[in-house]
Amino acid sequence: MAPRTREKSGKQPTINDVAALAGVSKKTVSRVINRSEFITDKTRQAVEQAIKMLGFVPNPQARALAFRRNFLIALLHDNPNAQTVLNFQQGVLDAIKDSDLALLVRPVDRGSDRMLDDVRVFLEKQRPIGAMLLPPISENDELAALCEDLGVRYVRVGSAQLDDAKHCVSSNDREVVAEAVGKLVELGHRRIGFVRGPVGFRSAAEREKGFHEALAAAGLTLPAELSAPGNYRYTAGIEAGEALLSLTAPPTAIFCSNDEMAAGVMSVAHSKGIAVPADLSIIGFDDSPTATHIWPALSTVRWPIREMGVRAARTLVPDFLDIGTTASDEANVMASTFVERQSVAAPKS
């Protein structure tokens, strides 16, 4: 008797119905569902066609038991910039939207002595297929080794190459910051201030290197009074702006290591009656919504964090996604770009 479809019988089709229609064993159907490599293309196509014809929906609990993993991928982060986390998360969701996977987001405390123990317990309890590590915790080699030890796939995201291609998605922060600051030099700026990122962040270090490379290429150096600390938060931009714009000889341009701090600097400039860009040029980094929500619109470096989320997911679980290429076919260095808007102009003569 032919297998009964849901439409004919009103009952949910079973794995046995699929096996009968495809002319294979129940075990073979299970292997196809769980993406086993030991199935011929012909058999896989027959089973997938039967599944489609019957409208069969695999039981997620049974699949998790067979696969010995839940159909989850984890995002681990300890990032002070919530917008960065949200943008990356959206990229991951874009990548997995038509798959059986779900995203689990887990904040961690990189300053805790128990961070590695806490992550171990989390991974052992949730049993995700893989984990994506956002900076700055992606820079922790011990965390990557923990994932390896637990048999959890991992991808490290950063502003520089942190691992081999199958474990890393990175951007070219140093190169593009040098380009952005070079633009200020081309316009005639010579006293260029710098607002640093958080101490210990590789992204902050890479952006600072790019800044100094641009100055060195023009035969310039950064005076100590034109350098201000920062932590990627708006309040740090306020503090940096107060320090730099209160100098007897203030900078004619300021590069900030992210948009939030650039917005803080711009707010201070407005409060002091310093016109942007007529009296002060400002450049940020991220191209977050903040960049176009302030006035004048902020010139900034567009960090492709959403695209990096897509790439990270594709690199982590290419066998679970319907994509035309595998991670090995794609370059895992994502290019940032300088976006010039209204906050930059030549200095007054």
Side-chain angles (χ1 to χ4, degrees), residues 73-97 103-108 110 130-140 154-163 165 167-177 179-180 195 197-198 201-208 210 230-234 237 255-263 283-294 297-317 321 327 330-339 341:
I73 53 176
L75 169 57
L76 306 181
H77 73 89
D78 181 11
N79 194 298
N81 191 331
Q83 191 65 52
T84 294
V85 178
L86 289 173
N87 288 349
F88 184 86
Q89 177 180 314
Q90 188 57 59
V92 175
L93 294 175
D94 289 344
I96 68 173
K97 64 182 179 181
L103 176 64
L104 187 61
V105 181
R106 172 76 171 195
V108 301
R110 68 189 178 95
M132 293 162 291
L133 314 177
L134 273 183
I137 62 168
S138 58
E139 299 158 14
N140 188 315
Y154 68 90
V155 169
R156 304 164 75 176
V157 179
S159 295
Q161 194 75 23
L162 302 172
D163 213 314
H167 290 305
C168 184
V169 173
S170 60
S171 57
N172 60 335
D173 289 21
R174 185 194 305 193
E175 176 185 330
V176 73
V177 167
E179 176 189 342
V195 183
F201 279 41
R202 182 68 177 273
S203 60
E206 290 295 312
R207 294 168 197 179
E208 186 165 0
N231 60 9
Y232 288 162
R233 299 183 189 277
Y234 178 82
F255 177 83
C256 300
S257 294
N258 82 336
D259 292 346
E260 287 295 307
M261 296 192 298
I283 294 178
F285 193 108
D286 282 336
D287 198 23
S288 65
T290 298
T292 52
H293 291 172
I294 58 178
L298 182 66
S299 294
T300 184
V301 172
R302 182 180 182 276
W303 194 32
I305 188 63
R306 182 164 175 167
E307 292 87 341
M308 291 172 78
V310 172
R311 185 64 58 83
R314 290 181 172 181
T315 301
L316 186 70
V317 286
L321 304 177
E330 299 179 297
N332 276 1
V333 178
M334 310 292 288
S336 300
T337 53
F338 176 51
V339 180
R341 296 195 178 100

For Val301 versus Ser336, what's the shortest heavy-atom pair and its separation? CG1-CB, 3.8 Å

Under the side chain to side chain donor-acceptor pair (under 3.5 Å) test, which residues partner Ser159, sequence neighbours left out? Asp173

Taking atom CG of Asn258 and atom OG1 of Thr84, what is their separation to the nearest 0.5 Å? 7.5 Å

Can you name the residues that form a side chain to side chain donor-acceptor pair (under 3.5 Å) with Thr300, not counting sequence neighbours? Asp259

Donor-acceptor check, side chain of Gln83 to backbone of Ser288, threshold 3.5 angstrom: yes or no? no

Hey, is Asp287 close enough to Arg306 for a salt bridge, meaning N to O under 4.0 Å? no

Check for a donor-acceptor pair, side chain of Asn332 on one end and backbone N or O of Ala165 on the other, with a separation under 3.5 Å. yes

Does a side-chain heavy-atom distance below 4.5 Å link Arg341 with Thr292? yes

For the residue pair Cys256 and Ala262, what are the closest heavy atoms and their distance? SG-CA, 3.5 Å

Among residues at least two apart in sequence or on other chains, which ones pass side chain to side chain donor-acceptor pair (under 3.5 Å) with Gln161? Ser170

Looking at every non-hydrogen atom in both residues, tell me the closest pair between Tyr232 and Ser257 and how far apart they are. CE2-O, 3.7 Å

Can you name the side chain to side chain contact (heavy atoms under 4.5 Å, CB included) partners of Arg174, sequence neighbours left out? Glu206, Lys209, Glu213

Minimum heavy-atom distance between Ala95 and Leu321, given as atom pair plus value: O-CD2, 3.6 Å

How far does CG of Leu103 sit from CD of Gln90, to the nearest 0.5 angstrom? 10.0 Å

Euclidean distance, Phe255 CZ relative to Glu208 CD, rounded to 0.5 Å: 10.5 Å

Taking all atoms of both residues into account, what is the closest heavy-atom pair of Phe285 and Arg207, and its distance? CE2-NH2, 3.2 Å

Can you tell me if Thr290 and Glu260 form a side-chain donor-acceptor pair at under 3.5 Å? yes

So which heavy atom on Ala131 is nearest to which on Leu76, and how close? CB-CD1, 4.4 Å

What residues, two or more places apart in sequence or in another chain, satisfy ring pair (Phe, Tyr, Trp, His ring centres under 6.0 Å) together with Tyr154? His167

Could you give the distance from CE (Met132) to CG (Leu75), rounded to the nearest 0.5 Å? 5.5 Å

As a quick check of understanding, evaluate salt bridge (charged side-chain N to carboxylate O under 4.0 Å, His left out) for Glu307 and Arg302, giving each step before the final call. CA-CA 11 Å; Glu307 292 87 341; Arg302 182 180 182 276; 2.6 Å; yes

Applying side chain to side chain contact (heavy atoms under 4.5 Å, CB included), run through Asn140 and Arg110 and close with a yes or a no. CA-CA 9 Å; Asn140 188 315; Arg110 68 189 178 95; over 6 Å; no

With rounding to the nearest 0.5 Å, note down the distance linking CG in Asp163 to OG in Ser138. 10.0 Å

Would you give the length of the straight line joining atom CG of Asn172 to atom CH2 of Trp303, rounded to the nearest 0.5 angstrom? 11.5 Å

With sequence neighbours excluded, tell me which residues meet side chain to side chain donor-acceptor pair (under 3.5 Å) with Glu179. none

